[in-house]
2 protein chains.
Amino acid sequence: MEDIPPRTRIQTENRRRILDAALDAFSAQGFRGATLDQIARAAGLSKPNLLYYFPSKEAMHIALIEALMDTWLDPLRKLDPEGDPVDEIVGYVLRKLDLARDFPRESRLFANEIVQGAPNILPHITGPLKTLVDDKATLIAGWSRSGRLTPVDPHHLIFSIWATTQHYADFDAQVRGILAPANDAHFGDARVFLEQLYRRALTPG
Amino acid sequence: MEDIPPRTRIQTENRRRILDAALDAFSAQGFRGATLDQIARAAGLSKPNLLYYFPSKEAMHIALIEALMDTWLDPLRKLDPEGDPVDEIVGYVLRKLDLARDFPRESRLFANEIVQGAPNILPHITGPLKTLVDDKATLIAGWSRSGRLTPVDPHHLIFSIWATTQHYADFDAQVRGILAPANDAHFGDARVFLEQLYRRALTPG
DNA sequence: CAAGAGTTTGACCAAATGGTCAGGATCACG
DNA sequence: CGTGATCCTGACCATTTGGTCAAACTCTTG
């Protein structure tokens with residue numbers, strides 16, 4: 001639960017490098033697929049040195065996931081009850097898509113964890129995450145009731161937004177294999193498509 | 001490439017049991033997370049016996065993925081140029097959702113593979129899969145041009161359908177954690193939501 | 001039922017892997 | 001500059017894991 005904050009500069013810097021290397025490894029090969037040797041090499045440290053900063057491989061994994069959860073849900077928290085419903089949701093979609101483009105490793109780390117049954121974060125999902133989602137679902141339901149948003153199941157709307165946006169990070173290999181783009185240009189097309197999809201589906205009338 | 005077909009009844013039965021156990025293991029824990037001992041125990045066979053039927057762990061993985069690819073893309077192949085465009089696409093969505101409900105292990109196996117960079121199936125993705133998708137994208141683009149479908153980027157439409165439907169298999173742990181359903185009832189709600197989402201977004205006018 | 005093909009297994013192995021530890025190097029600071 | 005705290009490492013260890021193999025068992029069929 002409580003993190004003892006790093007004290008020295010060396011600690012700050014080395015913990016950062018370790019977590020960065022570990023994020024590379026875990027997101028690309030899953031928890032079991034990543035090895036300490038590999039992480040150590042990428043971080044430029046020796047294996048025992050890794051274990052000087054983190055008591056175990058699992059501790060690195062947990063540290064990464066906890067750090068992730070914080071920022072990951074930020075776009076959802078920003079859903080503003082005062083704004084225009086359709087604009088708010090479209091804005092959420094686009095912010096989430098930005099996250100997928102800018103933090104694909106974090107997205108894949110999360111995906112790996114959930115696909116394998118969420119062994120380390122089920123409590124978080126059924127706790128704070130569920131609370132937040134239920135809260136925003138109520139907001140969306142209110143918008144629907146007021147007629148400013150097409151009536152939809154709010155939970156499944158949120159699921160669909162997660163799915164469509166994270167898809168570009170998690171299934172990047174497939175997307176690139178099919179589109180064969182030289183760069184990240186396809187994110188622009190995805191932006192246009194998703195905005196249109198949700199705007200048309202959610203605008204009443 | 002070429003499979004030597006099993007000859008005896010024992011071979012047929014044991015290969016089936018091994019692949020079933022391997023699918024359980026690989027889909028739940030990824031390729032590296034699954035162990036031969038675990039698969040052997042689940043299949044009710046000894047570890048050396050496993051390796052009598054398959055030359056290596058990887059051979060099991062490849063056999064599973066190849067078997068999967070075949071049926072996985074069937075719904076997309078069924079997109080009928082003669083049908084009503086919106087109905088065809090909605091039908092595709094619902095068929096894909098049925099697959100996610102009925103074959104979640106296969107979906108997760110595929111997800112694990114892609115998230116980790118599709119090391120074993122990139123050729124298939126850039127080959128036959130891309131060909132099929134490009135073909136159907138052309139069909140959808142034609143529907144759009146004829147005015148019977150809202151103009152959309154066909155590739156991203158297909159991606160969004162994959163994402164929203166497979167989400168219910170791949171992120172099952174998260175969906176259940178948030179909805180806390182006692183059974184598979186949420187698939188009914190997903191059905192209603194997705195049909196509405198795509199029908200509203202794609203119907204012209 | 002004899003015999004060869006097909007099937008199964010216990011014992012074993014090499015490599016990989018997460019982790020430990022005693023001691024040495026380096027740094028911060030009085 | 002001395003000294004205690006912090007940082008780092010080579011050597012080592014136990015376990016796990018994918019895979020091998022010779023021998024034994026069982027099934028089929030002439």
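Every chain is numbered from 1 and lettered A, B, ... according to where its sequence line falls, protein lines coming before strand lines.
Rounded to 10 degrees, the angle between the two end axes of the helix from dC1(C)-dG30(D) to dG30(C)-dC1(D) is 10°, with five pairs used at each end.
Contacts between residues 19-46 of chain A and DNA chain C, counted as heavy-atom distances below 4.0 Å, involve Ala34(A), Thr35(A), Leu36(A).
OP1 and OP2 of dG6(C) both lie 4.0 Å or more from every side-chain N or O belonging to Gln11(B).
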Provide a list of protein-nucleic acid N or O atom pairs under 3.5 angstrom, restricted to nucleotides 25-30 of chain C.
none

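Partner of Ser107(B) under the side-chain contact (heavy atoms from CB on, under 4.5 Å) criterion, out of Asp170(B), Asp102(B), Asp172(B): Asp170(B) alone.
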Please tabulate, for side-chain N and O atoms in residues 34-44 of chain B, each donor-acceptor pair with protein atoms closer than 3.5 Å (sequence neighbours left out).
{"unit_1": "Thr35(B)", "atom_1": "OG1", "unit_2": "Gln38(B)", "atom_2": "N", "d": "3.1"}
{"unit_1": "Gln38(B)", "atom_1": "OE1", "unit_2": "Thr35(B)", "atom_2": "N", "d": "3.1"}
{"unit_1": "Gln38(B)", "atom_1": "NE2", "unit_2": "Gln29(B)", "atom_2": "OE1", "d": "2.3"}

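Two residues, Ser56(B) and Lys47(A), neighbour DNA chain D, and the one matched to the more 5' nucleotide by heavy-atom proximity is Lys47(A).
Taking the 5' to 3' direction, DNA chain D first and last meets chain A under 4.0 angstrom from a heavy atom at dT6(D) to dT17(D).
Taking the six-membered ring where the residue is Trp, the centroids of His156(A) and Tyr168(B) are separated by under 6.0 Å.
The pair Asp98(A)-Arg101(A) meets the salt-bridge criterion, since a charged nitrogen lies less than 4.0 angstrom from a carboxylate oxygen.
Backbone-only engagement by Tyr53(B) is indicated by non-hydrogen atom pairs under 4.0 Å involving sugar-phosphate atoms exclusively.
The listed nucleotides are dT20(C), dT7(C), dA11(C); the one nearest the side chain of Pro48(B) is dA11(C).
Residue Phe187(A) qualifies as enclosed at atom CZ: its count of foreign heavy atoms under 6.0 Å is above 12.
Every residue was checked against the side chain to side chain donor-acceptor pair (under 3.5 Å) condition with Asp153(A), not counting sequence neighbours, and none meets it.
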